[in-house]
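So the structure is just underneath, and the comments pick up after that.
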Amino acid sequence: MVVRRGLPDELQTLLKRLVANGSVRIAGTLLYAWFRRCWELDDETAAYYMRRYFEKYFSRQPQSHRKHAGAK
């Protein structure tokens, strides 16, 4: 059984820096991989948790990222 605690401080800091620098996709991939490996989640659940994390803590950035990604 995996003990699910909050994200490590180092990971939170790295995510904030990546998002602030406009690297939302890299931050999302990093968080997704962390959920998969450390919490041993399946693909769908890890993707869901990643989306929810960004909606909660970085609500503007993913919306802007999706808008720009759709325009390409």
Side-chain angles (χ1 to χ4, degrees):
M1 173 101 179
V2 177
V3 177
R4 296 183 184 168
R5 298 182 183 161
L7 299 179
D9 291 336
E10 296 87 8
L11 181 60
Q12 289 178 358
T13 302
L14 179 58
L15 290 172
K16 287 177 187 177
R17 287 182 181 175
L18 286 169
V19 170
N21 289 328
S23 300
V24 176
R25 182 172 291 232
I26 294 171
T29 302
L30 175 68
L31 187 58
Y32 172 83
W34 191 85
F35 283 138
R36 291 274 299 146
R37 292 180 184 154
C38 295
W39 285 8
E40 299 177 1
L41 299 175
D42 61 279
D43 290 338
E44 290 181 18
T45 307
Y48 172 76
Y49 281 11
M50 186 254 318
R51 282 190 306 269
R52 293 292 295 155
Y53 182 85
F54 277 96
E55 288 173 2
K56 182 175 181 178
Y57 294 105
F58 305 109
S59 61
R60 281 188 30 230
Q61 287 83 355
Q63 291 172 0
S64 175
H65 175 73
R66 274 184 256 151
K67 185 187 335 178
H68 291 302
K72 291 182 181 178

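Please read all numbers here as calculations on a predicted model, not as lab measurements.
For the side-chain hydrogen bond (donor to acceptor under 3.5 Å, both in side chains) test, no residue two or more places apart in sequence or in another chain qualifies with Arg5. With sequence neighbours excluded, the residues that form a side chain to side chain contact (heavy atoms under 4.5 Å, CB included) with Thr13 are Arg17.
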task: Given side chain to side chain contact (heavy atoms under 4.5 Å, CB included), test Val19 with Phe54 step by step and report yes or no.
output: CA-CA 10 Å; Val19 170; Phe54 277 96; 3.7 Å; yes
message: Set out, in order, the CA-CA distance, both residues' side-chain angles and the distance that settles side chain to side chain contact (heavy atoms under 4.5 Å, CB included) for Leu15 and Tyr57, then state yes or no.
response: CA-CA 10 Å; Leu15 290 172; Tyr57 294 105; over 6 Å; no
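Checking side-chain atoms of Asp42 against main-chain N and O of Glu44 turns up a donor-acceptor pair under 3.5 Å.
Within the model, atoms OH of Tyr49 and CG of Leu7 stand 12.0 Å from one another, a figure rounded to the nearest 0.5 Å. Note that CE of Met50 and CG of Leu30 are 11.0 Å apart. Values are rounded to the nearest 0.5 Å.
For residues 6-16, the set of pairs meeting the salt bridge (Lys or Arg N to Asp or Glu O under 4.0 Å) definition, not counting sequence neighbours, is empty. The stretch residues 26-39 participates, sequence neighbours left out, in these side chain to side chain donor-acceptor pair (under 3.5 Å) pairs: Tyr32-Asp43, Arg36-Asp43.
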